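Notes follow the structure.
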Amino acid sequence: MAEEEQPYQTFASLYDELFDGQLYDDWADLVKEQVPVGKILDLGGGAGRLAVLLAQSGYQVDLLDLSSSMLSLAQDHAADAAVDLRLLQADIRDFSDWEERYPAIVSFADTLNYLPSRDDFLAGIRQVYEHLEAGGTFLFDVITPKMVNVDYEDFYYNNDEDPEKIFMWTAFFGEEENSVDHDLKFFLYDEKLDAFKIVREIHHEQTYPLAEYVAMLKEVGFTKIELGADFFKKEADENDSRWFIRCQKGATK
């Protein structure tokens, strides 16, 4: 399996604390609507919040993530919830030595947008295709060009609700078309120093027009591709900030 790399390595627990928990409930509800209870792989599942919710609903969940820090948190969350998760540390672009096949694979929270190029995205979805059973479902979401080019223009966010743990997030347009770089900083108060220490990471996200996502999925072999927004409550269009995509392996077009 791949060795661990950035992002997420430095402050997994800080990320986990800050993330909006309601989104995990929404993703879990979507999976329960779209995927029968059974075996499932949560691709890039991070700290396991979604995986725990699915396990509590009866799914047999495997969680794959590159970060050992995130997987350690997932193990803790599973123990706290008294559910079983099987954890796999791997790069989603190549986990070919993992022989398990699944009736469903899901991936949310921008996971596939962190793949830096079209070739990387294709490598990732090829791995998904290979690890699905015939007729299996792939369900995922991505941010859109509108989010990158409009929503993130001049974007900044500060959170100082905890005076000893201050978060600053600034977004900049990336060098590649339809990409964005996130400058994430935590200022953590150190009582021994009576000063703040900074923990910083730069995250890069890449997205593509909707037609290109469809073309790449078809190139890999996916069929019955369905597109939506707002958790499939509406049809996908160029004005959306996030798209939801469902497709199948070996299904009829």
Side-chain angles (χ1 to χ4, degrees), residues 1-32 34-116 120-121 123-133 136-142 184 199 201 203 249:
M1 296 299 177
E3 294 181 359
E4 184 170 342
E5 56 189 33
Q6 298 291 346
Y8 301 128
Q9 188 174 0
T10 307
F11 49 19
S13 62
L14 299 172
Y15 239 29
D16 187 40
E17 291 175 17
L18 190 67
F19 204 92
D20 182 2
Q22 180 59 48
L23 282 171
Y24 292 117
D25 291 329
D26 293 340
W27 284 317
D29 288 343
L30 178 64
V31 173
K32 287 185 282 187
Q34 302 289 336
V35 178
V37 172
K39 187 169 63 173
I40 193 170
L41 174 64
D42 183 6
L43 193 68
R49 297 288 191 177
L50 173 61
V52 165
L53 292 173
L54 294 177
Q56 289 174 324
S57 297
Y59 291 85
Q60 178 188 334
V61 188
D62 290 354
L63 185 156
L64 183 151
D65 202 273
L66 182 59
S67 169
S68 61
S69 300
M70 284 292 190
L71 292 173
S72 179
L73 286 171
Q75 188 172 37
D76 291 342
H77 294 324
D80 290 343
V83 297
D84 292 323
L85 299 179
R86 187 161 57 167
L87 306 177
L88 172 65
Q89 184 179 6
D91 188 322
I92 65 176
R93 294 168 292 188
D94 184 9
F95 54 105
S96 53
D97 54 346
W98 182 249
E99 297 182 354
E100 195 77 39
R101 298 295 181 267
Y102 299 88
I105 296 176
V106 300
S107 187
F108 300 109
D110 302 10
T111 291
L112 295 175
N113 294 117
Y114 283 102
L115 297 173
D120 292 303
F121 183 86
I125 63 174
R126 283 193 180 102
Q127 286 295 299
V128 171
Y129 193 87
E130 291 301 317
H131 285 83
L132 280 171
E133 297 174 356
T137 297
F138 181 31
L139 178 65
F140 66 99
D141 68 3
V142 289
L184 309 175
V199 180
E201 289 189 351
H203 293 185
K249 175 179 180 177

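Numbers here are sequence positions counted from 1. Worth saying up front: this structure is predicted, and the values here are computed from it rather than measured. What's counted below: heavy atoms across the whole structure, side chains too, no hydrogens, waters or symmetry copies.
- Rounded to the nearest 0.5 Å, atoms CG (Leu23) and CG (Leu30) are 12.0 Å apart.
- Summarising the geometry of Leu63 relative to Ala74, their closest heavy-atom pair is CD1-CB, 4.2 Å, with the distance given to 0.1 Å.
- In plain terms, the two heavy atoms of Asp65 and Leu71 that are nearest each other are O-CD1, 3.7 Å.
- Within the 4.5 Å cutoff, no side-chain heavy atoms of Asn113 are placed close to those of Phe121.
- By the 30° and 60° cut-offs, the orientation of the rings of Trp27 relative to Tyr24 is perpendicular.
- For the atom pair CG of Leu43 and CG of Leu64, the computed distance is 5.5 Å after rounding to the nearest 0.5 Å.
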Self-check item: Trp98 vs His131, side chain to side chain contact (heavy atoms under 4.5 Å, CB included): CA-CA, chis, key distance, verdict
Solution: CA-CA 8 Å; Trp98 182 249; His131 285 83; 4.1 Å; yes

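- To the nearest 0.5 angstrom, Tyr102 atom OH is 4.5 Å from Leu41 atom CG.
- The main-chain N or O of Glu99 is found under 3.5 Å from a side-chain atom of Arg101 such that the two form a donor-acceptor pair.
- A heavy-atom distance below 4.5 Å is found between the side chains of Ile40 and Val106.
- Residues satisfying the salt bridge (Lys or Arg N to Asp or Glu O under 4.0 Å) criterion with Asp120, sequence neighbours excluded, are Arg93.
- Heavy atoms only, all atoms of each residue included: Asp42 and Gly45 are closest at OD2-CA, 3.5 Å.
- Counting only heavy atoms from C-beta outward, the side chains of Ile92 and Leu112 approach each other to under 4.5 Å.
- Distance check, rounded to the nearest 0.5 Å: CG of Leu88 to CG of Asp97 gives 8.0 Å.
- Closest approach of His77 and Ala47 over heavy atoms only: CD2-O, 2.9 Å.
- In this structure, Gly124 and Leu115 approach most closely via the heavy-atom pair CA-CD1, 4.4 Å.
- For CD of Gln75, the number of neighbouring non-hydrogen atoms (other residues, nucleotides, ligands) closer than 6.0 Å is 12 at most.
- Each of Leu85, Val83, Val61 was evaluated against Leu54; a single residue qualifies, Val61, per the side chain to side chain contact (heavy atoms under 4.5 Å, CB included) test.
- Rounding to the nearest 0.5 Å gives a distance of 11.5 Å between CG of Leu87 and OG of Ser68.
- Heavy atoms from other residues, nucleotides or ligands lying under 6.0 Å from CG of Asp84 number 12 at most.
- In this structure, Ser107 contributes its side chain and Phe140 its backbone to no donor-acceptor pair below 3.5 Å.
- For the atom pair Ile105 CD1 and Glu133 CD, the distance stands at 9.5 Å (nearest 0.5 Å).
- A donor-acceptor pair is defined here as one N or O able to donate and one able to accept, closer than 3.5 Å; such a pair exists between the side chain of Gln89 and the backbone of Leu66.
- A distance-only check finds a donor-acceptor pair linking the side chain of Tyr59 to the backbone of Val35 [under 3.5 Å].
- Heavy-atom minimum distance, Leu132 versus Lys249: O-NZ, 3.0 Å.
- Using a 4.5 Å heavy-atom threshold, the side chains of Pro103 and Lys39 count as touching.
- Of the possible polar contacts, one joining the Gln127 side chain to the Phe95 backbone as a donor-acceptor pair under 3.5 Å is found.
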